[in-house]
Asks: 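Take this structure first; my questions come after.
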There are 2 protein chains.
Amino acid sequence: MKIDPLLNYMSKYVSLTEEEKAYLDSKIVLRKYLKGQYLVQQGDICKYECYVVSGCTKTSYVDDLGQEHIIMFSIEDWWTSDMASFINQSPADFNIQFLENTELIAISHDVIEDLYKHVPKLERFFRQVVEKAFIASQKRVVRNLSMTAKDRYLFFKEQYPEIEQRIPQYMVASYLGITKEFLSKIKSQLIMDQ
Amino acid sequence: MKIDPLLNYMSKYVSLTEEEKAYLDSKIVLRKYLKGQYLVQQGDICKYECYVVSGCTKTSYVDDLGQEHIIMFSIEDWWTSDMASFINQSPADFNIQFLENTELIAISHDVIEDLYKHVPKLERFFRQVVEKAFIASQKRVVRNLSMTAKDRYLFFKEQYPEIEQRIPQYMVASYLGITKEFLSKIKSQLIMDQ
DNA sequence: AAATTATATTAACTTAGTTTAACATTTACT
DNA sequence: AGTAAATGTTAAACTAAGTTAATATAATTT
């Protein structure tokens, strides 16, 4: 089935019958994007809640001064969307851009509501997905409040070693909430320290 | 019914039958706490997901240096728990303390699982509650990345005017991620500015 | 009302992180 | 291979925010 990667991921949370799997498969779209394209741009309506099959995205906010702040990266097995925009079908606050050629399983708003109706287990599944996302976001708040930039960088390296290899350093800096120059300084300090 | 405030809140999201309301009422506990008591302490298992009927709580994280960082306040109509601890029934990262005498509607882990089974609409309801919490948390991440301390303070004043009146200023400072001294400085600058 | 205790202010000094700008290195393009 | 574009480094000057410590004010307790 085209949604096998998703089914494999879902099996950790809920067990679906063959009919339910087939129904899900019939409703869901596989989409491919090139590096540089956008899934959502600030002001758009976010049409899809997406499961990343392969590739990488960044979610960012551009402030009044035109500065970009990276909220999260998504790689294989992660979900991505502008949740507020998707749920309310209202203009997005965030940009979601592909940092690599990316393959997604995309679920539109209409489809997800239909799925909740026809396969109630999916309501449970998505509740659990959002719970995990919320917990991760709260932990990020805590790290930004309690850790220095250096420690946040070390944590990032440790927790997401795959991501650091795949994206330019200035984006890591933006994610950490510091300038690229300061991240450079931190890295050279870390090298001297050893 | 003892859970009327909660039912009123829920009616914005789902509509329950009288039987469902009665079932919910039978399963749910009303609890009262005094100012200063704890709902959860770091290391405890968070037993309840709670709806605040009246009063106020703070959720905080104490780091290795013993410094407290306030993650959120909850007042009337808000939910509070250590979500990670509650879901996995694992030791809590956070403290949740009452800043006023507080009345809660408390739902234990067993009960919530039972409710999901017997009243599937509640799975939908709680999905929506968590979605909102996630969106709020992501916005907090964005503000901490993109705004100066002064602007974060002005935003806080505007968005939560009720809360600022009810809690000491050093807790506002902790929530904003700055020292109490620096918040004092910001406030006196704001007074001079006008 | 006096005395504690908790909260808030002020100021001098220090530090973490930013800004600017010049230069170096890597990656992508013809 | 050679050039342009994108990314990364370094350093000096600057600023936002933290630290310390002394003092002031407000809220509780006796």
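Residue numbers start from 1 in every chain, and the chains themselves are labelled A, B, ... in the order their sequence lines are given, proteins ahead of strands. Just so it is clear, the structure is predicted and the values come from calculations on it, not from any experiment.
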Asks: Whole-Å distance between D:dA17 C1' and B:Tyr153 OH?
Replies: 17 Å
Asks: Pick out the pairs of N or O atoms, protein on one side and nucleotides 21-30 of chain D on the other, that lie under 3.5 Å.
Replies:
none

Asks: Which whole-number value in Å describes the distance from A:Gln189 CD to D:dA11 C1'?
Replies: 13 Å
Asks: Any pair with a residue in residues 153-165 of chain B that passes salt bridge (Lys or Arg N to Asp or Glu O under 4.0 Å), sequence neighbours left out, goes on the list, sorted by first then second residue, please.
Replies: B:Lys157-B:Glu164
Asks: Could you work out how much the helix from C:dA1-D:dT30 to C:dT30-D:dA1 bends, comparing the axis of its first five pairs with that of its last five, to 10°?
Replies: 50°
Asks: I need the full list of salt bridge (Lys or Arg N to Asp or Glu O under 4.0 Å) pairs touching residues 30-40 of chain B, with sequence neighbours left out, sorted by first then second residue.
Replies: none
Asks: Judged by atom type as modelled, is there a donor-acceptor pair below 3.5 Å linking the side chain of B:Gln89 to the main-chain atoms of B:Phe86?
Replies: yes
Asks: Scan residues 83-104 of chain A for pairs that pass salt bridge (Lys or Arg N to Asp or Glu O under 4.0 Å), counting only residues two or more places apart or in two chains.
Replies: A:Glu100-A:Arg166
Asks: Is the ring centre of B:Trp79 less than 6.0 Å from the ring centre of B:Tyr48?
Replies: no
Asks: What is the distance, rounded to the nearest whole Å, between atom CG of B:Asn144 and atom P of D:dA16?
Replies: 18 Å
Asks: For B:Leu183 and C:dT7, give me the distance from atom CG to atom P, rounded to whole Å.
Replies: 15 Å
Asks: List in chain and number order the residues that pass ring-ring contact (aromatic ring centres under 6.0 Å, His included) with B:Tyr160, two or more places apart in sequence or in another chain; answer none if no residue qualifies.
Replies: B:Trp78, B:Phe156
Asks: Between A:Leu99 (CG) and D:dA6 (P), how many Å, whole number?
Replies: 15 Å
Asks: C:dT18 P sits how many Å from A:His69 NE2, rounded?
Replies: 11 Å
Asks: A:Asp4 side chain to A:Met1 main-chain N or O, any donor-acceptor pair under 3.5 Å?
Replies: yes
Asks: Please write out the pairs of protein N or O atoms and N or O atoms of nucleotides 13-17 of chain C separated by less than 3.5 Å, giving the distance to one decimal.
Replies:
from   : atom 1 : to       : atom 2 : distance (Å)
C:dG17 : OP1    : A:Ala149 : N      : 3.4

Asks: Donor-acceptor pairs under 3.5 Å, side chain of residues 169-180 of chain B to any protein atom, not counting sequence neighbours: which ones?
Replies:
from     : atom 1 : to       : atom 2 : distance (Å)
B:Gln169 : OE1    : B:Lys187 : NZ     : 2.8
B:Ser174 : OG     : B:Glu68  : O      : 3.2
B:Ser174 : OG     : B:Ile70  : N      : 3.0
B:Thr179 : OG1    : B:Phe182 : N      : 3.2

Asks: Considering only distance and modelled atom types, tabulate donor-acceptor pairs under 3.5 Å from the side chains of residues 5-15 of chain B, sequence neighbours left out.
Replies:
from    : atom 1 : to       : atom 2 : distance (Å)
B:Ser11 : OG     : B:Asn8   : O      : 2.6
B:Tyr13 : OH     : B:Lys132 : NZ     : 3.1

Asks: Is the number of heavy atoms from other residues, nucleotides or ligands within 6.0 Å of NZ (A:Lys21) greater than 12?
Replies: yes
Asks: Just jot down the ring-ring contact (aromatic ring centres under 6.0 Å, His included) partners of B:Tyr33, sequence neighbours excluded, or say none.
Replies: B:Phe98
Asks: If you measure from the Lys or Arg side-chain nitrogens to the Asp or Glu carboxylate oxygens, is any gap between B:Arg127 and B:Glu131 under 4.0 Å?
Replies: yes
Asks: Residues from residues 161-174 of chain B sitting under 4.0 Å of DNA chain C, heavy atoms only?
Replies: B:Pro168, B:Gln169, B:Tyr170
Asks: Could you note down all residue pairs passing salt bridge (Lys or Arg N to Asp or Glu O under 4.0 Å) where residues 135-155 of chain B supplies at least one of them, sequence neighbours left out?
Replies: B:Lys150-B:Asp193
